[in-house]
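One structure below.
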Amino acid sequence: MLQLSFIRENKDRVLKGLKVRNYADKDLGIIEEVIALDDKRKSTQKSLDDQLAQAKVLSKQIGGLYKEGKRSEGDALKEQVASLKEQTSQLQEELKAAESQLTEQLLSLPNIPHESVPAGNTDEDNEVFKDWTEELPVLTGDALPHWELSKKYTIFDLELGTKLTGAGFPLYRGKGAKLQRGLINFFLDEGHEAGYEEIIPPLLVNEDSARGTGQLPDKEGQMYHCTGDNLYLIPTAEVPITNIYRNVIMDEKDFPVKLCGHTPCFRREAGSYGAHVRGLNRVHQFDKVEIVRIEHPDKSYEVLMEMLAHVEKLLQKLELPYRILRLCGGDLGHAAALTYDFEVYSAAQKRWLEVSSVSNFETYQSNRMKLRFRNEDKKMQLAHTLNGSALALARIVAALLENNQTPEGIRIPKALQPYTRFDILN
RNA sequence: GGAAGAGUGGCAGAGCUGGUUUAAUGCACCGGUCUUGAAAACCGACGUACCUUAACGGGUACCGGGGGUUCGAAUCCCUCCUCUUCCGCCA
(Lines give C-alpha, C1' and ligand atoms only; values in the text may rest on other atoms or scores of the structure.)
Protein backbone atom coordinates (compact mmCIF):
# COMPACT_ATOMS: atom_id res chain seq x y z
CA MET A 1 0.00 0.00 0.00
CA LEU A 2 1.36 3.38 -0.96
CA GLN A 3 1.58 6.07 1.68
CA LEU A 4 -0.69 9.04 1.21
CA SER A 5 2.07 11.45 2.05
CA PHE A 6 4.17 9.88 -0.68
CA ILE A 7 1.37 10.23 -3.22
CA ARG A 8 0.81 13.84 -2.28
CA GLU A 9 4.45 14.80 -2.44
CA ASN A 10 5.37 12.79 -5.53
CA LYS A 11 2.32 12.99 -7.71
CA ASP A 12 4.29 13.13 -10.94
CA ARG A 13 6.37 10.15 -10.06
CA VAL A 14 3.31 8.16 -9.06
CA LEU A 15 1.55 8.97 -12.33
CA LYS A 16 4.65 8.07 -14.27
CA GLY A 17 4.88 4.81 -12.38
CA LEU A 18 1.29 3.91 -13.14
CA LYS A 19 1.97 4.54 -16.81
CA VAL A 20 4.87 2.11 -16.70
CA ARG A 21 2.31 -0.34 -15.39
CA ASN A 22 0.18 0.40 -18.42
CA TYR A 23 -2.53 2.41 -16.73
CA ALA A 24 -4.76 4.01 -19.35
CA ASP A 25 -4.94 7.79 -19.20
CA LYS A 26 -8.55 7.67 -18.07
CA ASP A 27 -7.60 5.53 -15.07
CA LEU A 28 -4.97 7.95 -13.84
CA GLY A 29 -7.71 10.06 -12.30
CA ILE A 30 -7.60 7.73 -9.32
CA ILE A 31 -4.75 9.77 -7.91
CA GLU A 32 -6.80 12.95 -7.79
CA GLU A 33 -9.70 10.94 -6.35
CA VAL A 34 -7.52 9.60 -3.60
CA ILE A 35 -6.25 13.05 -2.71
CA ALA A 36 -9.79 14.46 -2.69
CA LEU A 37 -10.94 11.61 -0.46
CA ASP A 38 -8.10 12.32 1.89
CA ASP A 39 -9.00 16.01 2.04
CA LYS A 40 -12.52 15.01 2.89
CA ARG A 41 -11.26 12.67 5.57
CA LYS A 42 -9.11 15.36 7.13
CA SER A 43 -11.78 18.01 7.27
CA THR A 44 -14.27 15.53 8.69
CA GLN A 45 -11.90 14.51 11.40
CA LYS A 46 -11.18 18.14 12.25
CA SER A 47 -14.82 18.93 12.91
CA LEU A 48 -15.40 15.63 14.65
CA ASP A 49 -12.47 16.18 16.99
CA ASP A 50 -13.67 19.68 17.82
CA GLN A 51 -17.12 18.45 18.72
CA LEU A 52 -15.85 15.56 20.76
CA ALA A 53 -13.63 17.96 22.66
CA GLN A 54 -16.66 20.09 23.51
CA ALA A 55 -18.73 17.11 24.57
CA LYS A 56 -15.90 15.90 26.74
CA VAL A 57 -15.64 19.19 28.61
CA LEU A 58 -19.39 19.32 29.15
CA SER A 59 -19.52 15.75 30.40
CA LYS A 60 -16.90 16.57 32.97
CA GLN A 61 -18.90 19.56 34.12
CA ILE A 62 -21.96 17.35 34.54
CA GLY A 63 -19.99 15.07 36.79
CA GLY A 64 -18.89 18.06 38.88
CA LEU A 65 -22.41 19.48 39.13
CA TYR A 66 -23.86 16.16 40.23
CA LYS A 67 -21.23 15.92 42.93
CA GLU A 68 -22.20 19.32 44.21
CA GLY A 69 -25.80 18.23 44.19
CA LYS A 70 -26.76 20.64 41.43
CA ARG A 71 -28.90 18.08 39.65
CA SER A 72 -31.09 20.33 37.55
CA GLU A 73 -28.11 22.25 36.16
CA GLY A 74 -26.49 18.97 35.29
CA ASP A 75 -29.58 17.76 33.50
CA ALA A 76 -29.69 20.93 31.44
CA LEU A 77 -26.15 20.32 30.29
CA LYS A 78 -27.07 16.74 29.45
CA GLU A 79 -29.44 17.94 26.80
CA GLN A 80 -26.74 20.07 25.23
CA VAL A 81 -24.38 17.12 25.05
CA ALA A 82 -27.11 14.93 23.66
CA SER A 83 -27.64 17.23 20.72
CA LEU A 84 -23.90 17.45 20.16
CA LYS A 85 -23.88 13.68 20.13
CA GLU A 86 -26.22 13.49 17.20
CA GLN A 87 -23.82 15.52 15.13
CA THR A 88 -20.78 13.58 16.22
CA SER A 89 -22.28 10.24 15.37
CA GLN A 90 -23.09 11.50 11.91
CA LEU A 91 -19.57 12.83 11.47
CA GLN A 92 -18.23 9.55 12.76
CA GLU A 93 -20.05 7.70 10.04
CA GLU A 94 -18.80 10.09 7.41
CA LEU A 95 -15.28 9.66 8.65
CA LYS A 96 -15.58 5.89 8.62
CA ALA A 97 -16.97 5.93 5.09
CA ALA A 98 -14.21 8.21 3.84
CA GLU A 99 -11.57 6.06 5.50
CA SER A 100 -12.82 2.79 4.11
CA GLN A 101 -13.19 4.21 0.62
CA LEU A 102 -9.71 5.59 0.87
CA THR A 103 -8.28 2.27 2.03
CA GLU A 104 -10.02 0.48 -0.77
CA GLN A 105 -8.58 2.87 -3.35
CA LEU A 106 -5.12 2.68 -1.83
CA LEU A 107 -5.19 -1.11 -1.82
CA SER A 108 -6.07 -1.10 -5.49
CA LEU A 109 -3.03 1.03 -6.31
CA PRO A 110 0.06 -1.02 -7.15
CA ASN A 111 3.54 -0.20 -5.99
CA ILE A 112 5.41 2.41 -8.00
CA PRO A 113 8.01 0.66 -10.14
CA HIS A 114 11.67 1.38 -9.61
CA GLU A 115 13.07 3.70 -12.25
CA SER A 116 14.97 0.84 -13.88
CA VAL A 117 11.78 -1.09 -14.64
CA PRO A 118 11.25 -1.22 -18.40
CA ALA A 119 7.89 -0.29 -19.86
CA GLY A 120 5.96 -3.11 -21.42
CA ASN A 121 2.88 -5.26 -21.34
CA THR A 122 3.75 -8.92 -21.28
CA ASP A 123 6.61 -11.24 -20.48
CA GLU A 124 7.80 -10.60 -24.05
CA ASP A 125 8.81 -7.14 -22.90
CA ASN A 126 10.92 -8.26 -19.98
CA GLU A 127 14.49 -7.15 -20.27
CA VAL A 128 17.29 -9.68 -20.29
CA PHE A 129 19.41 -8.43 -17.42
CA LYS A 130 22.01 -11.16 -17.64
CA ASP A 131 22.01 -13.59 -20.49
CA TRP A 132 23.49 -17.06 -20.71
CA THR A 133 26.58 -16.50 -22.82
CA GLU A 134 27.76 -20.06 -23.20
CA GLU A 135 26.14 -22.45 -25.60
CA LEU A 136 22.83 -23.89 -24.59
CA PRO A 137 22.85 -27.63 -24.11
CA VAL A 138 21.53 -29.56 -27.07
CA LEU A 139 20.20 -33.02 -26.42
CA THR A 140 20.09 -35.89 -28.86
CA GLY A 141 16.95 -36.63 -30.76
CA ASP A 142 15.70 -39.25 -28.36
CA ALA A 143 15.93 -36.96 -25.34
CA LEU A 144 12.84 -37.06 -23.14
CA PRO A 145 10.91 -34.35 -21.33
CA HIS A 146 10.89 -34.73 -17.57
CA TRP A 147 7.43 -36.28 -17.40
CA GLU A 148 8.65 -39.13 -19.62
CA LEU A 149 11.86 -39.47 -17.65
CA SER A 150 9.81 -39.65 -14.52
CA LYS A 151 7.97 -42.69 -15.84
CA LYS A 152 11.20 -44.32 -16.97
CA TYR A 153 12.92 -43.92 -13.60
CA THR A 154 9.93 -43.70 -11.23
CA ILE A 155 10.66 -40.20 -9.92
CA PHE A 156 7.25 -38.67 -9.45
CA ASP A 157 3.75 -39.84 -10.16
CA LEU A 158 1.07 -37.38 -11.21
CA GLU A 159 -1.60 -40.01 -11.73
CA LEU A 160 -1.25 -41.19 -8.15
CA GLY A 161 -1.36 -37.61 -6.96
CA THR A 162 -4.55 -37.18 -8.92
CA LYS A 163 -6.00 -40.28 -7.32
CA LEU A 164 -5.15 -39.02 -3.85
CA THR A 165 -5.93 -35.37 -4.29
CA GLY A 166 -6.45 -34.01 -7.77
CA ALA A 167 -4.55 -32.78 -10.78
CA GLY A 168 -1.35 -30.92 -10.02
CA PHE A 169 -0.43 -32.65 -6.77
CA PRO A 170 2.64 -34.71 -7.58
CA LEU A 171 3.75 -37.65 -5.50
CA TYR A 172 7.51 -38.22 -5.43
CA ARG A 173 8.94 -41.61 -4.74
CA GLY A 174 12.20 -43.48 -4.34
CA LYS A 175 15.19 -41.57 -5.64
CA GLY A 176 12.81 -38.86 -6.79
CA ALA A 177 11.79 -38.26 -3.17
CA LYS A 178 15.43 -38.30 -2.09
CA LEU A 179 16.28 -35.79 -4.79
CA GLN A 180 13.62 -33.48 -3.39
CA ARG A 181 14.89 -33.84 0.13
CA GLY A 182 18.46 -33.38 -1.04
CA LEU A 183 17.66 -30.19 -2.90
CA ILE A 184 15.81 -28.74 0.07
CA ASN A 185 18.70 -29.44 2.40
CA PHE A 186 21.20 -28.13 -0.12
CA PHE A 187 19.32 -24.86 -0.48
CA LEU A 188 18.87 -24.50 3.28
CA ASP A 189 22.55 -25.14 3.93
CA GLU A 190 23.53 -22.58 1.32
CA GLY A 191 21.17 -20.14 3.00
CA HIS A 192 22.77 -20.84 6.33
CA GLU A 193 26.23 -20.28 4.83
CA ALA A 194 25.04 -16.90 3.58
CA GLY A 195 23.91 -15.92 7.05
CA TYR A 196 20.18 -16.57 6.89
CA GLU A 197 18.39 -17.83 9.98
CA GLU A 198 16.27 -20.86 9.24
CA ILE A 199 12.57 -20.71 10.02
CA ILE A 200 9.97 -23.45 9.97
CA PRO A 201 6.74 -21.48 9.88
CA PRO A 202 3.13 -22.60 10.05
CA LEU A 203 1.75 -23.63 6.67
CA LEU A 204 -1.60 -22.01 7.35
CA VAL A 205 -2.00 -18.33 8.08
CA ASN A 206 -4.81 -16.10 9.22
CA GLU A 207 -6.42 -13.28 7.33
CA ASP A 208 -4.22 -10.57 8.82
CA SER A 209 -1.08 -12.29 7.60
CA ALA A 210 -2.51 -12.86 4.14
CA ARG A 211 -3.34 -9.18 3.98
CA GLY A 212 0.03 -8.09 5.34
CA THR A 213 2.06 -9.39 2.43
CA GLY A 214 -0.59 -8.47 -0.12
CA GLN A 215 -2.18 -11.83 -0.97
CA LEU A 216 -5.47 -10.36 0.21
CA PRO A 217 -7.37 -8.83 -1.36
CA ASP A 218 -5.27 -8.90 -4.56
CA LYS A 219 -4.95 -12.65 -5.03
CA GLU A 220 -7.88 -13.94 -3.09
CA GLY A 221 -8.75 -16.73 -5.55
CA GLN A 222 -5.16 -17.97 -5.77
CA MET A 223 -4.99 -19.33 -2.25
CA TYR A 224 -6.57 -22.42 -0.78
CA HIS A 225 -8.94 -21.25 1.91
CA CYS A 226 -9.98 -23.37 4.89
CA THR A 227 -13.32 -21.76 5.45
CA GLY A 228 -14.14 -23.70 8.62
CA ASP A 229 -11.37 -21.90 10.50
CA ASN A 230 -10.85 -19.02 8.08
CA LEU A 231 -7.22 -19.91 7.44
CA TYR A 232 -5.26 -19.86 4.22
CA LEU A 233 -2.71 -22.37 2.98
CA ILE A 234 0.42 -20.42 2.25
CA PRO A 235 1.27 -19.83 -1.40
CA THR A 236 4.86 -19.10 -0.37
CA ALA A 237 6.93 -18.96 2.82
CA GLU A 238 7.16 -15.23 2.23
CA VAL A 239 3.76 -14.87 3.85
CA PRO A 240 4.41 -16.32 7.32
CA ILE A 241 8.06 -15.30 7.44
CA THR A 242 7.59 -11.66 6.50
CA ASN A 243 4.58 -11.41 8.80
CA ILE A 244 6.79 -12.22 11.75
CA TYR A 245 7.47 -8.51 11.56
CA ARG A 246 3.87 -7.38 11.16
CA ASN A 247 3.13 -4.61 13.66
CA VAL A 248 6.69 -4.50 14.86
CA ILE A 249 8.73 -1.44 15.66
CA MET A 250 12.36 -2.25 15.13
CA ASP A 251 15.49 -0.47 16.08
CA GLU A 252 17.89 0.64 13.41
CA LYS A 253 20.52 -1.63 14.86
CA ASP A 254 18.29 -4.68 14.32
CA PHE A 255 19.13 -4.60 10.62
CA PRO A 256 19.85 -6.63 8.65
CA VAL A 257 17.16 -9.25 9.15
CA LYS A 258 17.97 -12.33 7.07
CA LEU A 259 15.55 -15.23 7.24
CA CYS A 260 15.03 -18.30 5.14
CA GLY A 261 12.73 -21.23 5.26
CA HIS A 262 11.56 -24.27 3.41
CA THR A 263 7.85 -24.86 3.03
CA PRO A 264 5.53 -26.54 0.63
CA CYS A 265 3.64 -23.90 -1.35
CA PHE A 266 0.00 -24.22 -2.29
CA ARG A 267 -1.42 -22.41 -5.28
CA ARG A 268 -4.77 -22.87 -6.89
CA GLU A 269 -3.44 -21.53 -10.21
CA ALA A 270 -7.02 -20.99 -11.23
CA GLY A 271 -7.42 -20.71 -14.96
CA SER A 272 -3.94 -21.66 -16.03
CA TYR A 273 -4.11 -24.90 -17.93
CA GLY A 274 -2.59 -25.67 -21.28
CA ALA A 275 0.32 -27.16 -23.13
CA HIS A 276 2.92 -25.39 -21.00
CA VAL A 277 1.74 -26.80 -17.74
CA ARG A 278 2.62 -30.44 -18.32
CA GLY A 279 4.53 -32.42 -15.75
CA LEU A 280 6.08 -30.28 -13.05
CA ASN A 281 5.93 -27.03 -15.00
CA ARG A 282 2.95 -25.83 -13.01
CA VAL A 283 1.57 -27.67 -10.01
CA HIS A 284 -0.67 -26.85 -7.07
CA GLN A 285 1.80 -27.98 -4.47
CA PHE A 286 5.55 -27.60 -4.68
CA ASP A 287 8.45 -27.13 -2.30
CA LYS A 288 10.45 -23.96 -2.10
CA VAL A 289 13.17 -22.40 -0.02
CA GLU A 290 12.51 -18.71 0.36
CA ILE A 291 14.87 -15.98 1.53
CA VAL A 292 13.41 -12.91 3.20
CA ARG A 293 15.10 -9.66 4.17
CA ILE A 294 13.96 -6.73 6.23
CA GLU A 295 16.24 -3.83 5.51
CA HIS A 296 17.01 -0.17 5.97
CA PRO A 297 15.64 1.76 2.97
CA ASP A 298 19.10 3.03 2.12
CA LYS A 299 20.39 -0.51 1.80
CA SER A 300 17.60 -2.37 0.07
CA TYR A 301 18.78 -2.17 -3.52
CA GLU A 302 22.26 -3.18 -2.56
CA VAL A 303 20.70 -6.12 -0.74
CA LEU A 304 18.61 -7.01 -3.76
CA MET A 305 21.80 -7.48 -5.77
CA GLU A 306 23.25 -9.56 -2.97
CA MET A 307 20.20 -11.81 -3.11
CA LEU A 308 20.56 -12.08 -6.85
CA ALA A 309 24.14 -13.22 -6.39
CA HIS A 310 23.01 -15.82 -3.86
CA VAL A 311 20.48 -17.33 -6.24
CA GLU A 312 22.97 -17.20 -9.06
CA LYS A 313 25.46 -19.18 -7.05
CA LEU A 314 22.88 -21.89 -6.40
CA LEU A 315 22.23 -22.30 -10.10
CA GLN A 316 25.93 -22.36 -10.85
CA LYS A 317 26.48 -25.10 -8.29
CA LEU A 318 23.63 -27.04 -9.85
CA GLU A 319 25.33 -26.55 -13.23
CA LEU A 320 22.15 -25.30 -14.84
CA PRO A 321 22.11 -22.78 -17.71
CA TYR A 322 20.23 -19.72 -16.52
CA ARG A 323 19.44 -16.16 -17.39
CA ILE A 324 18.14 -13.24 -15.37
CA LEU A 325 15.28 -11.04 -16.49
CA ARG A 326 14.21 -7.67 -15.25
CA LEU A 327 10.44 -7.67 -15.28
CA CYS A 328 8.65 -5.00 -17.25
CA GLY A 329 5.86 -2.88 -15.80
CA GLY A 330 3.15 -5.12 -17.13
CA ASP A 331 4.63 -8.29 -15.69
CA LEU A 332 5.62 -6.83 -12.34
CA GLY A 333 3.63 -8.03 -9.34
CA HIS A 334 1.24 -5.64 -7.62
CA ALA A 335 3.39 -5.16 -4.52
CA ALA A 336 6.88 -5.17 -6.07
CA ALA A 337 8.93 -2.15 -7.06
CA LEU A 338 11.52 -4.21 -8.89
CA THR A 339 11.66 -7.91 -9.66
CA TYR A 340 14.32 -10.09 -11.23
CA ASP A 341 13.24 -13.46 -12.51
CA PHE A 342 15.61 -16.35 -12.91
CA GLU A 343 14.95 -18.77 -15.70
CA VAL A 344 16.59 -22.11 -16.25
CA TYR A 345 16.89 -23.61 -19.67
CA SER A 346 15.09 -26.87 -20.11
CA ALA A 347 16.87 -28.60 -22.97
CA ALA A 348 14.24 -31.21 -23.70
CA GLN A 349 11.37 -28.76 -23.72
CA LYS A 350 13.62 -26.22 -25.45
CA ARG A 351 12.29 -23.39 -23.32
CA TRP A 352 13.17 -21.27 -20.33
CA LEU A 353 11.45 -22.11 -17.03
CA GLU A 354 11.01 -19.57 -14.28
CA VAL A 355 12.60 -20.89 -11.12
CA SER A 356 13.06 -17.83 -8.96
CA SER A 357 11.69 -14.38 -8.49
CA VAL A 358 13.61 -11.89 -6.39
CA SER A 359 11.87 -8.65 -5.47
CA ASN A 360 12.21 -5.46 -3.55
CA PHE A 361 8.87 -4.29 -2.20
CA GLU A 362 10.30 -1.13 -0.69
CA THR A 363 7.68 0.12 1.79
CA TYR A 364 4.64 -1.35 0.04
CA GLN A 365 4.36 -4.40 2.28
CA SER A 366 5.71 -2.70 5.38
CA ASN A 367 3.11 0.04 5.11
CA ARG A 368 0.41 -2.58 4.97
CA MET A 369 1.73 -4.51 7.91
CA LYS A 370 3.04 -1.54 9.87
CA LEU A 371 6.62 -2.71 9.94
CA ARG A 372 8.63 0.25 11.14
CA PHE A 373 11.89 1.17 12.74
CA ARG A 374 13.21 4.08 14.71
CA ASN A 375 15.78 5.87 12.61
CA GLU A 376 18.82 7.87 13.67
CA ASP A 377 16.65 10.82 14.58
CA LYS A 378 14.42 8.54 16.70
CA LYS A 379 11.66 9.03 14.16
CA MET A 380 9.40 6.28 12.88
CA GLN A 381 10.15 5.08 9.39
CA LEU A 382 8.88 2.19 7.29
CA ALA A 383 11.39 -0.56 6.62
CA HIS A 384 11.94 -2.19 3.25
CA THR A 385 11.02 -5.82 2.65
CA LEU A 386 12.54 -8.12 0.06
CA ASN A 387 12.26 -11.75 -0.78
CA GLY A 388 13.27 -14.31 -3.32
CA SER A 389 13.04 -17.97 -4.10
CA ALA A 390 16.24 -19.81 -3.40
CA LEU A 391 14.96 -21.93 -4.95
CA ALA A 392 11.63 -23.36 -6.10
CA LEU A 393 11.91 -27.09 -6.48
CA ALA A 394 9.50 -28.45 -9.01
CA ARG A 395 10.91 -26.69 -12.04
CA ILE A 396 14.48 -27.09 -10.89
CA VAL A 397 13.81 -30.80 -10.78
CA ALA A 398 12.31 -30.67 -14.26
CA ALA A 399 15.38 -28.94 -15.64
CA LEU A 400 17.82 -31.17 -13.77
CA LEU A 401 16.16 -34.29 -15.08
CA GLU A 402 16.06 -33.13 -18.66
CA ASN A 403 19.46 -31.50 -18.97
CA ASN A 404 21.34 -34.25 -17.20
CA GLN A 405 19.84 -37.29 -18.86
CA THR A 406 22.33 -39.85 -20.14
CA PRO A 407 21.84 -43.35 -21.44
CA GLU A 408 22.80 -44.62 -17.96
CA GLY A 409 20.41 -42.42 -16.05
CA ILE A 410 20.20 -38.90 -14.68
CA ARG A 411 23.53 -37.43 -13.64
CA ILE A 412 23.40 -35.63 -10.28
CA PRO A 413 25.52 -32.45 -10.10
CA LYS A 414 28.55 -32.74 -7.82
CA ALA A 415 27.36 -30.18 -5.32
CA LEU A 416 24.18 -32.15 -4.79
CA GLN A 417 25.69 -35.59 -4.44
CA PRO A 418 26.44 -35.33 -0.71
CA TYR A 419 22.75 -34.60 -0.25
CA THR A 420 21.22 -37.24 -2.51
CA ARG A 421 23.89 -39.78 -1.61
CA PHE A 422 23.78 -41.14 -5.12
CA ASP A 423 25.43 -39.72 -8.23
CA ILE A 424 23.13 -41.18 -10.79
CA LEU A 425 19.40 -41.53 -10.76
CA ASN A 426 18.33 -44.67 -12.55
C1' G B 1 -14.71 -30.09 23.15
C1' G B 2 -16.35 -28.82 28.71
C1' A B 3 -15.41 -25.72 33.33
C1' A B 4 -13.06 -21.68 35.85
C1' G B 5 -9.78 -17.44 35.80
C1' A B 6 -7.14 -13.68 33.20
C1' G B 7 -5.62 -10.09 29.08
C1' U B 8 -3.63 -2.42 31.24
C1' G B 9 2.09 1.67 28.04
C1' G B 10 9.30 -2.01 26.59
C1' C B 11 8.61 -5.09 31.29
C1' A B 12 6.29 -5.48 36.18
C1' G B 13 1.91 -3.74 38.28
C1' A B 14 -2.38 -0.48 40.61
C1' G B 15 -7.09 1.20 39.02
C1' C B 16 -12.05 -2.46 37.50
C1' U B 17 -18.59 -0.52 43.83
C1' G B 18 -18.64 4.23 36.09
C1' G B 19 -17.20 11.21 36.81
C1' U B 20 -9.89 15.91 38.44
C1' U B 21 -7.01 9.09 35.69
C1' U B 22 -4.22 14.31 31.59
C1' A B 23 -3.77 5.68 33.25
C1' A B 24 -0.64 5.68 39.78
C1' U B 25 3.95 3.45 41.12
C1' G B 26 8.46 0.62 40.26
C1' C B 27 12.06 -1.18 36.71
C1' A B 28 14.34 -0.71 31.96
C1' C B 29 15.76 2.73 28.11
C1' C B 30 17.31 7.94 26.84
C1' G B 31 19.25 13.05 28.21
C1' G B 32 21.52 15.86 32.20
C1' U B 33 24.10 16.97 37.16
C1' C B 34 28.04 14.86 40.07
C1' U B 35 32.82 11.77 38.79
C1' U B 36 39.41 11.04 35.88
C1' G B 37 35.85 7.13 34.20
C1' A B 38 31.98 4.05 35.94
C1' A B 39 28.44 2.82 39.67
C1' A B 40 25.23 5.04 43.17
C1' A B 41 22.37 9.32 44.05
C1' C B 42 19.58 13.34 42.18
C1' C B 43 16.91 16.05 38.08
C1' G B 44 14.36 15.64 33.46
C1' A B 45 12.25 13.33 29.31
C1' C B 46 9.90 8.69 28.39
C1' G B 47 3.73 5.26 23.84
C1' U B 48 1.13 4.77 18.90
C1' A B 49 -2.02 6.73 15.04
C1' C B 50 -4.60 10.66 12.99
C1' C B 51 -6.01 16.04 12.84
C1' U B 52 -4.07 21.00 13.54
C1' U B 53 0.30 24.59 13.82
C1' A B 54 5.73 28.07 10.22
C1' A B 55 7.30 26.37 15.03
C1' C B 56 6.48 25.90 20.40
C1' G B 57 2.20 23.68 21.14
C1' G B 58 -2.97 22.13 20.92
C1' G B 59 -6.91 18.40 19.80
C1' U B 60 -9.07 13.35 19.10
C1' A B 61 -8.74 8.11 19.49
C1' C B 62 -6.39 3.79 21.60
C1' C B 63 -6.24 -0.20 28.61
C1' G B 64 -6.59 -8.00 23.65
C1' G B 65 -10.15 -7.08 18.74
C1' G B 66 -15.15 -5.55 17.45
C1' G B 67 -19.97 -3.81 19.01
C1' G B 68 -23.39 -1.79 22.82
C1' U B 69 -25.43 0.96 27.40
C1' U B 70 -24.54 6.18 29.33
C1' C B 71 -24.23 13.18 29.40
C1' G B 72 -19.61 10.39 30.73
C1' A B 73 -16.49 3.54 30.18
C1' A B 74 -9.88 0.76 31.53
C1' U B 75 -14.25 0.21 34.90
C1' C B 76 -21.06 -2.19 33.14
C1' C B 77 -23.28 -5.52 28.96
C1' C B 78 -22.70 -8.60 24.29
C1' U B 79 -19.41 -11.05 20.97
C1' C B 80 -14.88 -12.84 19.04
C1' C B 81 -9.60 -13.85 19.88
C1' U B 82 -5.51 -15.23 22.99
C1' C B 83 -3.29 -17.06 27.50
C1' U B 84 -3.36 -19.88 32.34
C1' U B 85 -5.40 -23.92 35.37
C1' C B 86 -8.49 -28.32 35.68
C1' C B 87 -11.27 -32.18 32.89
C1' G B 88 -11.95 -34.88 28.18
C1' C B 89 -9.53 -36.45 23.56
C1' C B 90 -4.91 -37.33 21.22
C1' A B 91 0.58 -37.82 17.66
Side-chain angles (χ1 to χ4, degrees), chain A residues 1-9 34-107 200-212 216 225-232 240 243-255 257 363 365-383:
Chain A
M1 195 157 71
L2 294 175
Q3 294 170 90
L4 264 165
S5 54
F6 178 83
I7 296 176
R8 280 179 177 278
E9 286 159 29
V34 161
I35 291 175
L37 262 173
D38 190 42
D39 288 338
K40 162 93 175 133
R41 185 194 115 253
K42 283 183 178 179
S43 62
T44 309
Q45 184 174 345
K46 177 84 180 100
S47 24
L48 176 63
D49 282 0
D50 288 348
Q51 300 212 352
L52 284 176
Q54 275 186 54
K56 220 167 142 178
V57 170
L58 288 173
S59 289
K60 260 187 191 159
Q61 286 177 8
I62 295 172
L65 288 169
Y66 275 12
K67 257 190 188 162
E68 295 170 32
K70 296 176 179 165
R71 257 209 118 67
S72 57
E73 286 178 44
D75 289 342
L77 277 184
K78 260 196 200 180
E79 278 174 40
Q80 263 192 57
V81 182
S83 69
L84 257 176
K85 269 304 251 212
E86 275 175 44
Q87 298 173 50
T88 56
S89 61
Q90 197 192 327
L91 282 171
Q92 222 135 23
E93 268 169 45
E94 279 176 36
L95 183 64
K96 239 185 200 172
E99 273 173 349
S100 68
Q101 276 179 52
L102 192 57
T103 308
E104 200 183 310
Q105 297 273 45
L106 284 175
L107 283 175
I200 301 181
L203 304 182
L204 287 99
V205 293
N206 59 29
E207 228 179 296
D208 286 343
S209 296
R211 194 170 298 111
L216 290 179
H225 186 195
C226 306
T227 51
D229 298 286
N230 196 24
L231 297 172
Y232 294 87
N243 270 284
I244 292 172
Y245 285 86
R246 172 157 47 83
N247 267 320
V248 167
I249 300 170
M250 303 172 56
D251 202 277
E252 205 169 21
K253 64 176 183 287
D254 297 332
F255 295 125
V257 173
T363 60
Q365 288 183 329
S366 57
N367 189 36
R368 270 193 186 196
M369 65 173 110
K370 299 285 166 272
L371 160 48
R372 294 162 295 173
F373 69 99
R374 240 178 264 280
N375 64 21
E376 263 183 328
D377 306 326
K378 305 273 179 205
K379 289 261 170 61
M380 286 295 184
Q381 200 178 334
L382 291 167

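A, B, ... follow the sequence lines: proteins, then strands. Residue 1 opens every chain. Since this is a predicted model, take the numbers as computed values, not measurements.
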Rounding to an integer number of angstrom, what distance separates [N] and [M] when you compare their [atom1] atoms?
N	M	atom1	answer
rU8(B)	rU69(B)	C1'	22 Å
rC42(B)	rU35(B)	C1'	14 Å
rG64(B)	rA23(B)	P	15 Å
rG10(B)	rG5(B)	P	28 Å
rU22(B)	rC77(B)	P	22 Å
rU48(B)	rC11(B)	P	14 Å
rU21(B)	rU75(B)	C1'	11 Å
rC16(B)	rG37(B)	C1'	49 Å

Under 3.5 Å side-chain donor-acceptor pair for Ser209(A) and Arg246(A)
yes
Can you find a side-chain donor-acceptor pair between Asn375(A) and Glu252(A) that sits under 3.5 Å?
no
In this structure, how many angstroms lie between the [atom2] atom of [N] and the [atom1] atom of [X], rounded?
X	N	atom1	atom2	result
Leu52(A)	rC50(B)	CG	C1'	13 Å
Lys370(A)	rG47(B)	NZ	C1'	17 Å
Asp229(A)	rC80(B)	CG	P	15 Å
Gln54(A)	rA61(B)	CD	P	13 Å
Leu95(A)	rA49(B)	CG	C1'	13 Å
Gln87(A)	rU60(B)	CD	P	17 Å
Leu65(A)	rG19(B)	CG	P	16 Å
Gln92(A)	rC51(B)	CD	P	17 Å

Checking base pairs now: Watson-Crick or wobble, both atom distances under 3.5 Å. What partners [N]?
N	result
rU25(B)	rA12(B)
rC34(B)	none
rU69(B)	none
rC86(B)	rG2(B)
rC50(B)	rG59(B)

Looking at every strand, decide which applies to [X] at a 4.0 Å heavy-atom threshold: base, sugar-phosphate, or nothing.
X	value
Ala82(A)	nothing
Ile62(A)	base
Lys85(A)	sugar-phosphate

Distance below 4.0 Å between [X] side-chain N/O and [N] OP1 or OP2:
X	N	result
Lys42(A)	rU60(B)	no
Arg372(A)	rA49(B)	yes
Arg374(A)	rC46(B)	no
Lys56(A)	rG19(B)	no

Between Phe373(A) and Phe255(A), how do the two ring planes meet: parallel, tilted or perpendicular, split at 30° and 60°?
perpendicular
[Y] and [X], any side-chain heavy atoms less than 4.5 Å apart:
X	Y	result
Leu371(A)	Met250(A)	yes
Gln101(A)	Lys40(A)	no
Leu4(A)	Val34(A)	yes
Gln54(A)	Val57(A)	no

Under a 4.0 Å heavy-atom cutoff, the residues of residues 245-255 of chain A touching RNA chain B are none
Output the single nucleotide from rG19(B), rU52(B), rG59(B) whose closest atom is nearest the side chain of Lys46(A).
rU52(B)
What's the closest nucleotide to the Gln45(A) side chain, out of rC71(B), rC50(B), rU22(B)?
rC50(B)
Asp254(A) and Tyr245(A): side chain to side chain donor-acceptor pair (under 3.5 Å), yes or no, with the steps?
CA-CA 12 Å; Asp254(A) 297 332; Tyr245(A) 285 86; over 6 Å; no
Of Met380(A) and Gly63(A), whose nearest nucleotide on RNA chain B comes first from the 5' end?
Gly63(A)
Comparing nearest nucleotides in RNA chain B, the 5'-proximal residue of the pair Lys78(A), Lys96(A) is Lys96(A)
Salt bridge (charged side-chain N to carboxylate O under 4.0 Å, His left out) for Lys42(A) and Asp39(A)? Distances and angles first, verdict last.
CA-CA 5 Å; Lys42(A) 283 183 178 179; Asp39(A) 288 338; 5.3 Å; no
Atom CD of Gln3(A): over 12 foreign heavy atoms under 6.0 Å:
yes
